[in-house]
Number of protein chains: 2
Amino acid sequence: MVMPADTPRRTARGKNPNRSREHNRRVVLDLLRSQGRTGRRELAELTQLTPQAVTNIIDDLIAADLIVIAGRRRIARGRGQPPHEYEINPAGAFTIGIELAVTRMVTTVVDLAGELLHRDVTAIAEGGPATLLPAIGTRVAQLRADHPGRLMGLGLVMPGPFEIEGFSGVGPTTLPGWAGIDVAADLRDRLGVPVVVENDANAAAVGETLLGVGKEMTDFCVVYFGTGIGLGLISEGRPVRGAFGNAGEIGHIVVTPGGRPCPCGQHGCLERYASLHSLRERLADDGRVLSVDDLDTLAPEGDPVVAAWLEDAAAHLSPMISILENVFDPQTIILSGGLPPACLDAIIARLSFGPSVARRSDRMVPPVIRGQSGLLTAALGAAALPLHEAITPRLDLSDLQETTLKGSAP
Amino acid sequence: MVMPADTPRRTARGKNPNRSREHNRRVVLDLLRSQGRTGRRELAELTQLTPQAVTNIIDDLIAADLIVIAGRRRIARGRGQPPHEYEINPAGAFTIGIELAVTRMVTTVVDLAGELLHRDVTAIAEGGPATLLPAIGTRVAQLRADHPGRLMGLGLVMPGPFEIEGFSGVGPTTLPGWAGIDVAADLRDRLGVPVVVENDANAAAVGETLLGVGKEMTDFCVVYFGTGIGLGLISEGRPVRGAFGNAGEIGHIVVTPGGRPCPCGQHGCLERYASLHSLRERLADDGRVLSVDDLDTLAPEGDPVVAAWLEDAAAHLSPMISILENVFDPQTIILSGGLPPACLDAIIARLSFGPSVARRSDRMVPPVIRGQSGLLTAALGAAALPLHEAITPRLDLSDLQETTLKGSAP
DNA sequence: ATACTTAAAAGAACTTGCCTTATTAATTTC
DNA sequence: GAAATTAATAAGGCAAGTTCTTTTAAGTAT
C-alpha cells in the first residue's frame, strides 16, 4: 500500500570539507559548553579527532571570540606539562529571546554562558502581525545597539499549535491574524540574523538543555505551565517536534474520563485541571482576578483556593507523568513554566503515581524535578533557541520533495 | 542544582575525511533505497554534493556490489543526454533476523531490497543463554553457508524491558536467566558481524521504515501486538529509545481508571484489554487454548469470543491512540504485530477517538493504518535492524559501535 | 538532413580539511 | 638532576570533495 505523505521526506545532506569543518567546530563548542573548562588533549579524546585538529579548531574559535583560554590546570593529575584549558567566552556573543503572548511581550538578552543581560516586560495593545512584526524589529535593533558584541540570533516564543513545521518558524493558529504568516522568514529578512520560532514548551525544553539540566542529561521531558499546559521533548539532546511540528500538545489528553467538560468537546482534559487557565477559573469563582504581576508572588500555602487548585492539578497531572515515563523512559521529567518555584515544588510534592519502567530502584535523579520557573521562563527558553541552532552538532537534513527536478523547466 | 545523571552524556564525534566518506556513502544508499532508481544528477541535487563526488561514490558502491545500474531513463524529460539510473542491488548482501520468544524462535533471511529469502519457525526447549547463544551461532553459520553474498549483520528481537541501553544490546529482564548478559557482544564475537538487539516494537518500527511505509514517512508510531503490547517510535527516521532504552512500554499505562486489576498493582492497564495475553484469557474462560499456529488463522468474524475481544481491545486502545497523536503529532500510527491482517483491520475499524492536533482536515494519510502483520513481523523487523544501522546516515555519537558498510564476506 | 541547444558523464588540476611525524617545552617522579 | 610523561607547535602528506574543461548523446529548429 503506497501512501502519499503530508510532509516531504527529509534526507541527510552529504558532507564536504567545509561542512565537516562547521560540524567539528560545533562539536567542540558543544563540549566546552556542557563540560566547562577542558584541555585540548581531552577534547581530542572526546571528539575522536587528533590533538592537532583540535588545536586548529581552538585557534579558530578563539579568533571568532567564542572561546577563551581559562588558564592552566592547577591541580596536577600526574606527570607532564599541565594543559591549557579553554572555556566558552560569555561576552563573545549574545542572543535575544522574546515571548509574545496575547497581552504582553517579555524580552530577554542572554550571553553565551546563559547569563541574563537584560529583561523587560511590556504590555502590547491589540495588534496583528502588521504592527507587531515591525515593532519587534525596532525593539531588537535597540537592544542590539545597547549591547556590545555579536547578536547570534533571535528566538521567538508564540502560542502553538503551528500550522506547518515548527522548526523554521511559521505562524501559530491560535493568535488571531497570524495564521499562514511565516514569522521567522519575515524577521530574518528584517534583522539579518537567524530567527527561530517555537512554542513555549519546546523553548523551555531547549532552555533546559542549554542553561539548565542539559549539562547532565540528553533525554528528558519538560511539562510547561503556560496559559494552558504543554510538553517539550528532548531526545538525544535534540527536540522532538513530530511530523507537523506540534508534538507535545498534551492539554487535551483525557486524564479523567467523564471529568470536567472542555470546550474541545471532551470531558476531563488535563488542561481543565492543571493550567493557569484553570487556576484563574477557580479564583474567578471566588470573585478574584489573577493578574500577570500576581503570578510571581502566588503563595502555595495560606491561600485555600490556590492550595486546593495545587492539590487538584497534582492529582490530575500524576497520570500524565506516568504516561510520559512509560512512553519515553526519560532521565527525568521537569516541571517548568510561569508559576513561582514554590508552586511547582508544591505540585511535585503532591504527585503520586504507580509503577512504570521508570520506577527502577537504582535511579539517581528524582523522577520529577523543578526547572526554570517564573515570568521569564519562556523568554529565556526563546533566547536559548538560536544558541541551540548555532552550536549543537546535528545531522543536516534537506527537504526532498522540493528538489525533485523531475518535470519542471522554466 | 547539579544532578548526577544515570547515564553518561553522549556527545557527537568529530568528522574527518574518512568519516565523511562513510557518511556520504550512507546518504546516497539511503536515497537509492527510499527513492528507487535515481540518476547521478538528481542524487547530487538531493545530497547537495557535486555530480563528480556522486560519481566517485557511485563507483565505490558498485564495486562493493551494493548498487547496480538500473539502465538509462527511457522517458525523455527534455533535451540532453538521458542519465544512467542506479538502484539498490538486492543480491548484494543479506541480513538475518531472529525473534527469540519463550517457546519458539522465528528466523528470517532478507536481502537488501527487503525480499524474504528464507523463513523458519522452530520450537525451543527450556534453555538459558548458555545453550541458546551457541545454538543461534550455529544456526546463523548454517544460513550463511546456504546463502551466497555478504551477511551484513544479525538482528535479534527479545522481549524487553532491557537492563540498560537497548541499542548496543543488553539482555532483557523478563526472560529468566538473561539479565545482565550482553547478548549483542556475545553474538558479535561469535559471528564476527554487527549484531543489534531490540524489543519487538522497536524492531517492527525499524522494519516499517525500511521495508514498509518508510519510503514515505519519517515520523510515525508503531503499536505492536506481541504477547503484551508495545510501542515503537520513529522520529526523523530514527527510533526513539529513551534514556534507558525502554521507551514505548505502554502496556501498563492506565487507560481505564478503576478497570481490570493487573499484576503490576494498577487497575485498567492497556495490556489487560489489548494484547494477545488478554485474548488468551478470554478464550481460556471459554475453555479454549490458543496455540501459535492458530494465530495466523484467527478469524475476526464468526468467532463471538474473538469478536468481543476485538471490540474491547479497540475501545481501550482508542484513548492510547489519542494520547500518541497528541504527544507525538505523527504522520500516522501503524498497528502491527503477530495478529492476522484481518484482525488488525477489525481493530482499526472499531477505533473511535476525540479531537486532537492530528484531527486536521487536510491530512492525506489515515490516522491509523495497518502495517506488517502475522507471525513473521518481529523477525522481519529484526532483519531490518542491522540494515538500518549500516545504511542510515546518522549523527555519530561517541559510544556507538562501529558499523561500516563493509560487512563481512563468507 | 544539418546545425544548434541542452544535459550528462568523464577526466585533470585545485582546494581544504584532518592526519602523521618530528621537535621543543614544561612538569612530576625518582 | 636525569628520566619519564604530557603538552604544544610546525611541516609535509593524504584523501575527500570542488572546480573547470572536454566529450558524448539526445532533443529541437531551420
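Residue numbering restarts at 1 for every chain, and letters A, B, ... go by the order of the sequence lines.
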Given [options], the nucleotide with the shortest approach to the side chain of [X]:
X: A:Arg40; options: D:dT9, D:dG17, C:dG17; value: D:dT9
X: B:Leu49; options: D:dT18, C:dA10, D:dA8; value: D:dT18
X: B:Arg21; options: D:dT18, D:dA16, D:dA8; value: D:dA16
X: B:Thr50; options: D:dT19, D:dA7, C:dC19; value: D:dT19

**Report entry** Sugar-phosphate only, base, or nothing, as touched by B:Asn18 at under 4.0 Å among non-hydrogen atoms
**Finding:**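 Touches nothing.
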Query raised in the report: What does B:Asn56 touch in the nucleic acid at a heavy-atom separation under 4.0 angstrom: a base, only the sugar-phosphate, or nothing?
Result: nothing
What I want to find out is whether [X] reaches [Y] closely enough, with some N-O distance under 4.0 Å, to be called a salt bridge.
X: A:Asp65; Y: A:Arg150; result: no
X: B:Glu85; Y: B:Arg37; result: yes
X: B:Arg241; Y: A:Glu236; result: no

Query raised in the report: Hey, which of these two, A:Lys15 or A:Asp59, hits DNA chain D nearer its 5' end, going by closest nucleotide?
Result: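 That would be A:Asp59.
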Query raised in the report: For B:Glu22, which of B:Arg26, B:Arg25, B:Arg19 qualifies under salt bridge (Lys or Arg N to Asp or Glu O under 4.0 Å)?
Result: B:Arg26
Check the distance between [N]'s [atom2] and [X]'s [atom1] and give it to me in whole angstrom.
X: B:Glu22; N: D:dA15; atom1: CD; atom2: P; result: 16 Å
X: B:Asn24; N: D:dA15; atom1: CG; atom2: C1'; result: 13 Å
X: B:Arg19; N: D:dA15; atom1: CZ; atom2: P; result: 16 Å
X: B:His23; N: D:dG17; atom1: NE2; atom2: P; result: 10 Å
X: A:Gln48; N: C:dC18; atom1: CD; atom2: C1'; result: 14 Å
X: B:Glu85; N: C:dA9; atom1: CD; atom2: C1'; result: 15 Å
X: B:Glu45; N: D:dT18; atom1: CD; atom2: P; result: 13 Å
X: A:Ile58; N: C:dC18; atom1: CD1; atom2: C1'; result: 15 Å

Closer than 4.0 Å, any side-chain N/O of [X] to the OP1 or OP2 of [N]?
X: B:His84; N: C:dA8; value: no
X: A:Arg25; N: C:dC18; value: yes
X: A:Asn16; N: D:dA16; value: no

Report task. Spell out yes or no: do the side chain of A:Gln52 and the base of D:dA10 have one donor N/O and one acceptor N/O closer than 3.5 Å? Result -> yes
**Report entry** hbond_proxy B:Gln81 side chain to C:dA9 base (donor-acceptor, 3.5 Å cutoff)
**Finding:**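 No, no donor-acceptor pair under 3.5 Å.
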Query raised in the report: Do you see a donor-acceptor pair shorter than 3.5 Å between the side chains of B:Thr55 and B:Arg40?
Result: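 The criterion, which ignores hydrogens and geometry beyond distance, is satisfied for B:Arg40 and B:Thr55.
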